Asks: 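I'd like to ask some things about the structure below.
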Amino acid sequence: MDTARTPPTPIVTLCGGVGAARFLRGLVRVIDPREITAIVNTGDDRVFYGVHVSPDLDIVTYTLAGRVDARRGYGLEGDTYEIVDALGALGHECWFRLGDRDFANSQHRTLRLREGAGLSRVAEELRKHYGVTTRILPMSEDPCATIVELEGGRRVHFEEYLARDGAPDEVTAVDLGEARRARPGPGVLDALRDAQTILFCPSNPIVSIGPILAMPDVRAAVRRSRAPVVAISPIVGGAPVKGPADRLMRGVGVEVSARGVAELYRGLIDAFVIDERDADLAADIEAMGIRTRVLDTIMGDVGVAQHLAEAALSLAASLR
Ligand code: GDP
């Protein structure tokens with residue numbers, strides 16, 4: 001990007017896990033990472049094997065550190081699984097595969113929480129440990145468990161739905177009640193107030209961006225912000241690039257398309273980047289009053305992510 005036209009900072013991003021982390025890898029090539037704040041979903045957090053696991057915070061941290069297991073998109077490259085395998089041999093249910101060094105980080109989080117450090121402080125400790133300079137803020141320090149409701153009235157934690165049950169297609173509702181009652185984490189509202197641009201990463205709109213926006217104060221802060229708000233569609237050609245966004249969107253009655261995502265974000269975003277495979281939806285989205293840009297959004301390599309970040313920022317600049 002032309003440095004003479006470097007976008008104004010700071011920049012705030014709303015983030016889930018893998019899709020957000022891939023995008024952030026591109027964004028930090030365009031903007032000084034210290035000028036970026038990632039507000040990260042904690043609706044997936046859960047205690048496994050006695051330790052507090054924050055999947056999205058860890059994916060973002062490991063990815064920005066260049067340490068993520070690139071094949072899986074989560075966990076640490078080269079990690080081993082001795083602890084979960086040993087627990088499995090002792091008869092514990094081990095459907096959540098947590099690597100050994102990942103386990104140590106979650107154990108650290110648990111010990112620090114027990115000592116009275118907040119989740120935000122621990123996120124800060126971990127990102128510094130991994131040499132990440134982008135600010136990483138948990139959306140909240142309150143419990144925010146995302147609950148998926150299934151046919152027959154069964155209610156399961158999001159990780160049970162995804163990792164244990166393999167994301168079945170029988171979703172009837174998603175309960176974000178805890179997030180709705182949660183208070184934003186330390187620094188979250190200040191970051192939104194000071195933001196010069198707000199970006200919604202290409203993340204699951206229901207269970208990653210959804211919980212962040214379910215907090216009434218965050219929603220109001222985004223709506224009130226004078227900074228341009230730009231989202232990137234996680235739905236390409238009528239399907240998610242990965243993960244169960246299609247099943248969840250269908251389950252809550254939203255069309256599985258970039259247009260469906262735009263409907264969810266309507267009133268909050270000024271502009272939307274959609275994939276070239278969805279170019280035929282641009283006019284409908286523009287008709288919602290949302291400026292739309294069409295582009296290759298499949299982040300197969302960091303170059304595409306960088307290009308996507310540049311496009312999102314130039315779209316933001318065009319709205320000033
Ligand atoms: P998760 O919690 O780890 O699943 O992480 P996210 O919510 O951040 O990511 C899931 C969403 O990211 C899915 O809906 C994917 O379709 C989307 N996603 C992942 N990779 C890409 C990509 O390369 N391009 C786009 N446009 N979306 C992506």
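Predicted model only: the values in this text are computed from it and were never measured. As the structure lists them, so they are numbered: ligands from 1, and atoms in each ligand from 1.
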Asks: Do the side chain of Glu141 and the main chain of Leu119 share a donor and acceptor less than 3.5 angstrom apart?
Replies: yes
Asks: Under 3.5 Å, side chain of Thr9 to main-chain N/O of Pro7, donor-acceptor pair present?
Replies: no
Asks: Less than 4.0 Å between a side-chain N and a carboxylate O, is that true for Glu115 and Arg112?
Replies: yes
Asks: Of all the atoms in ligand 1, which lie at a distance below 4.0 Å from a heavy atom belonging to Pro240?
Replies: 14 (O), 16 (O)
Asks: I'd like to know if the side chain of Asp278 reaches the main chain of Gly237, judged simply by a donor and an acceptor atom lying under 3.5 Å from each other, with no hydrogens or angles considered.
Replies: yes
Asks: So which heavy atom in the protein is nearest atom 2 (O) of ligand 1, and how far is it from that ligand atom?
Replies: Asp56 OD1, 3.4 Å
Asks: Any idea which protein heavy atom is nearest atom 20 (N) of ligand 1, and the distance to it?
Replies: Arg22 NH1, 2.8 Å
Asks: So, is Gly17 polar-close to ligand 1, with some N/O to N/O distance under 3.5 Å?
Replies: yes
Asks: Closer than 4.0 angstrom, basic N to acidic O: yes or no for Glu124 and Arg127?
Replies: yes
Asks: Could you check atom 23 (O) of ligand 1 against the protein and tell me its nearest heavy-atom contact, residue, atom and distance included?
Replies: Met299 N, 2.8 Å
Asks: Among Thr297, Val18, Leu162, which one puts a heavy atom closest to atom 3 (O) of ligand 1?
Replies: Val18
Asks: Ligand 1 and Pro205, any nitrogen or oxygen pair closer than 3.5 angstrom?
Replies: no
Asks: Under 4.0 Å, heavy atoms only, figure out whether ligand 1 is touched by the backbone of Ala245, its side chain, both or neither.
Replies: side chain
Asks: Would you mind checking if Asp45 and Arg109 are paired as a salt bridge, meaning a charged N to carboxylate O distance below 4.0 Å?
Replies: no
Asks: Any nitrogen or oxygen of Pro202, side chain or backbone, less than 3.5 Å from one on ligand 1?
Replies: yes
Asks: So, Glu149 and Arg155, do they make that salt bridge, N to O below 4.0 Å?
Replies: yes
Asks: Has ligand 1 got any nitrogen or oxygen that is less than 3.5 angstrom from a nitrogen or oxygen of Ala20?
Replies: yes
Asks: Should Arg247 and Asp169 count as an ion pair when the cut-off is N to O under 4.0 Å?
Replies: no
Asks: Does ligand 1 have a heavy atom under 4.0 Å from the side chain of Ser233, from its backbone, from both, or from neither?
Replies: backbone
Asks: For atom 27 (N) of ligand 1, what is the nearest protein heavy atom, given as residue, atom name and distance?
Replies: Val241 CG2, 3.5 Å
Asks: Is ligand 1 under 4.0 Å from a heavy atom in the side chain of Ser203, in the backbone, in both, or in neither?
Replies: both
Asks: May I ask you to identify the nearest protein heavy atom to atom 11 (C) of ligand 1, giving residue, atom name and distance to one decimal place in Å?
Replies: Asn204 N, 3.5 Å
Asks: Look only at interatomic distance and state if Gly19 has a nitrogen or oxygen under 3.5 Å from any nitrogen or oxygen of ligand 1.
Replies: yes
Asks: Give the residue, atom name and distance (to 0.1 Å) of the protein heavy atom nearest atom 4 (O) of ligand 1.
Replies: Lys242 NZ, 3.4 Å
Asks: Distance-only, no hydrogens or angles: does the Asp270 side chain make a donor-acceptor pair with backbone N or O of Pro228 under 3.5 Å?
Replies: no
Asks: Below 3.5 angstrom, do we get any N/O pair linking Pro234 and ligand 1?
Replies: yes
Asks: Provide the number and element of each atom of ligand 1 under 4.0 Å from a heavy atom of Ser208.
Replies: 2 (O), 6 (P), 7 (O)
Asks: Fit a plane to each ring of Tyr265 and Phe272, take the angle between them on a 0 to 90° scale, and name the class: parallel (under 30°), tilted (30 to 60°) or perpendicular (over 60°).
Replies: perpendicular
Asks: How long is the gap from CG on Asp44 to CG on Asp58, to the nearest 0.5 Å?
Replies: 11.0 Å
